[in-house]
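Notes for the one structure printed next.
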Amino acid sequence: MRHLIDIQDLSTQEIDELIQVALDIIADPAKYSEVCKGKKLATLFFEPSTRTRLSFEAAMLELGGNVIGFSEASSSSAAKGESVADTAKIISCYADIIAMRHPKEGAPYVASINSTIPVINAGDGGHCHPTQTLTDLLTIYREKGRLDNLTIGFCGDLKYGRTVHSLINALSRYANIKIVLISPEELRLPGYMRYEVLDKLGMEYVETPNLESALGELDVLYMTRIQRERFTDPAEYERLKNSYVLDLEKLESAKKDLSILHPLPRVNEIRVNVDKDPRACYFTQALNGKYIRMALILRLLEEVNKTSVHEEEDLIVGELQCENPKCITSCEQELEHVFRVVDREHGICRCIYCESKQIKK
């Protein structure tokens with residue numbers, strides 16, 4: 001069974017193929033209008049969403065399929081204490097494919113190992129958001145005509161921003177990508193992303209707290225909001241929430257063909273008057289999300305009977321406990337604590353659900 005839990009589940013070839021299918025859908029939507037007739041998508045959204053949920057629903061409807069599901073945890077049996085594993089088993093009886101968003105990191109992965117139908121991670125806490133990454137890649141490709149030889153700036157919340165982490169992972173596959181990381185000290189890209197992705201792969205990157213000084217060299221600017229829901233300390237959020245505000249004055253130093261992306265929703269990090277600037281791509285980006293999700297749904301339904309091929313992993317079962325309070329293991333006690341060994345010499349392990357690091361003594 002094929003699932004999409006992390007962008008790393010797709011090869012570079014598969015990503016490129018999905019982009020080409022999305023482009024064909026854009027060019028000839030009528031060709032795809034009934035390809036999912038008789039199929040049902042279950043949207044299981046345990047936390048609020050506008051773009052992701054509605055784009056999944058629009059994608060399935062425009063493929064000729066149907067949609068069932070819920071838009072908040074309180075309207076599901078989760079409110080009665082049902083586990084993610086049991087929810088996945090039940091929904092597998094009613095639908096052909098699942099799109100799940102959940103506040104706990106690793107929840108879609110748990111669903112995937114208990115489901116008999118494909119599961120798509122539509123965002124799990126601050127962990128992963130692979131379909132947003134596919135949306136971003138399609139947008140960059142449509143704007144630039146390529147996914148290599150680019151300088152891409154990420155601005156704002158790089159610590160908790162799951163869209164940033166996923167997109168950097170995806171871009172690491174392409175040649176001559178330079179990353180500019182723009183954030184306050186408190187919201188820097190996590191160390192494991194710098195050391196295990198950027199450094200390990202030899203990607204060129206710089207870190208700076210100054211947006212204005214970085215703008216002039218960028219081909220793509222990926223703005224993010226400071227996410228109130230990811231902070232445990234409200235005072236820290238209030239202090240950092242207005243760290244960066246993009247306006248027309250700042251854009252005077254930017255390239256004329258700069259592409260401005262944002263996963264949305266925005267709060268005040270991009271002024272409304274920027275919307276009419278030809279460099280603003282974020283609403284087109286939201287539309288692209290529908291097309292790439294159409295391509296993904298098609299791909300996973302076509303491969304529903306294929307077996308995923310995974311490399312054998314060095315796992316530790318039951319010896320360590322995940323200490324991340326946002327991990328799915330923190331609320332579903334029956335889950336086995338399993339860690340992937342990433343560096344046996346130094347005892348570095350990562351939780352298979354949320355990727356939290358732990359050192360095995």
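All residue numbers in this chain count up from 1 along the given sequence.
Cluster annotation: M60 is connected to I26 through the hydrophobic network of ILVMFWY side chains, with a link wherever side-chain heavy atoms come within less than 4.5 Å. Tracing side-chain contacts under 4.5 Å through hydrophobic residues (I, L, V, M, F, W, Y), one never reaches V342 starting from V197; they form parts of separate clusters. In this structure, Y32 is a member of the same hydrophobic cluster as I120, with clusters built from ILVMFWY side-chain heavy atoms closer than 4.5 Å.
In this structure N176 satisfies the side-chain hydrogen bond (donor to acceptor under 3.5 Å, both in side chains) test together with N149, sequence neighbours excluded.
Looking only at distances, no side-chain donor or acceptor of D86 sits under 3.5 Å from a matching main-chain atom of E82. Between the side chain of T139 and the backbone N or O of T135, at least one donor-acceptor pair lies under 3.5 Å. At distances below 3.5 Å, not a single donor-acceptor pair connects side-chain atoms of E355 with backbone N or O atoms of I352. Without hydrogens or angle criteria, R271 side chain to N273 main chain gives no donor-acceptor distance under 3.5 Å. With R101 contributing its side chain and R53 its backbone, the two residues share no donor-acceptor pair below 3.5 Å. Side chain of H129 to main chain of T163: no donor-acceptor pair is present (N/O by atom type, distance under 3.5 Å, no hydrogens or angles). Judged by distance alone, with hydrogens and angles left aside, the side-chain atoms of R279 form a donor-acceptor pair with the main-chain N or O of L251 at under 3.5 Å. The backbone N or O of H262 lies less than 3.5 Å from a partner atom in the side chain of Q285, making a donor-acceptor pair. Checked by atom type and distance alone, the side chain of S92 pairs as donor or acceptor with a backbone atom of T116 at under 3.5 Å. Looking only at distances, a side-chain donor or acceptor of H165 sits under 3.5 Å from a matching main-chain atom of L158.
The shortest side-chain heavy-atom distance between L10 and L134 falls under the 4.5 Å cut-off. Between V245 and E269 the shortest side-chain heavy-atom distance does not fall below 4.5 Å. Residues Y244 and T224 form no side-chain contact, since every pair of their non-hydrogen atoms from C-beta on lies 4.5 Å or further apart. Contact annotation: the side chain of C322 approaches that of H337 to within less than 4.5 Å [non-hydrogen atoms, C-beta and beyond]. Side-chain contact between Y141 and L23 is present, with heavy atoms from C-beta onward closer than 4.5 Å. Taking 4.5 Å as the limit, every side-chain heavy atom of E323 sits out of range of all side-chain heavy atoms of S356.
The environment of K144 atom NZ is dense: over 12 non-hydrogen atoms of other residues, nucleotides or ligands sit within 6.0 angstrom. More than 12 heavy atoms of other residues, nucleotides or ligands sit less than 6.0 Å from atom CD of E334. Heavy-atom contacts from other residues, nucleotides or ligands closer than 6.0 Å to NZ of K250 number more than 12. Counted within 6.0 Å of CD on E17, heavy atoms from surrounding residues, nucleotides or ligands total more than 12; the atom is thus considered enclosed.
If you check the side chains of K104 and S330, you find a donor sitting under 3.5 Å from an acceptor. In the model, D6 has no side-chain atom that pairs as donor or acceptor with a side-chain atom of Y109 under 3.5 Å.
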Apply salt bridge (Lys or Arg N to Asp or Glu O under 4.0 Å) to the pair E196 and R350, showing each step before the final yes or no.
CA-CA 12 Å; E196 297 178 18; R350 292 204 173 278; 2.7 Å; yes
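Closest heavy-atom contact between N121 and D124: ND2-OD1, 3.2 Å. Listed here is the closest heavy atom pair of C351 and F339: N-CD2, 3.4 Å.
Note on ring orientation: taking the six-membered ring where Trp is involved, the planes of H102 and F46 are tilted (angle from 30° to 60°).
For residues 281-298, the salt bridge (charged side-chain N to carboxylate O under 4.0 Å, His left out) pairs, not counting sequence neighbours, are E62-K290.
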Only distances under 3.5 Å count here; give the side-chain donor-acceptor pairs of residues 211-218 to other protein atoms, sequence neighbours excluded, each with its distance to 0.1 Å.
unit_1 : atom_1 : unit_2 : atom_2 : d
S213   : OG     : N210   : O      : 3.1
S213   : OG     : N210   : OD1    : 3.4
E217   : OE1    : K178   : NZ     : 2.9

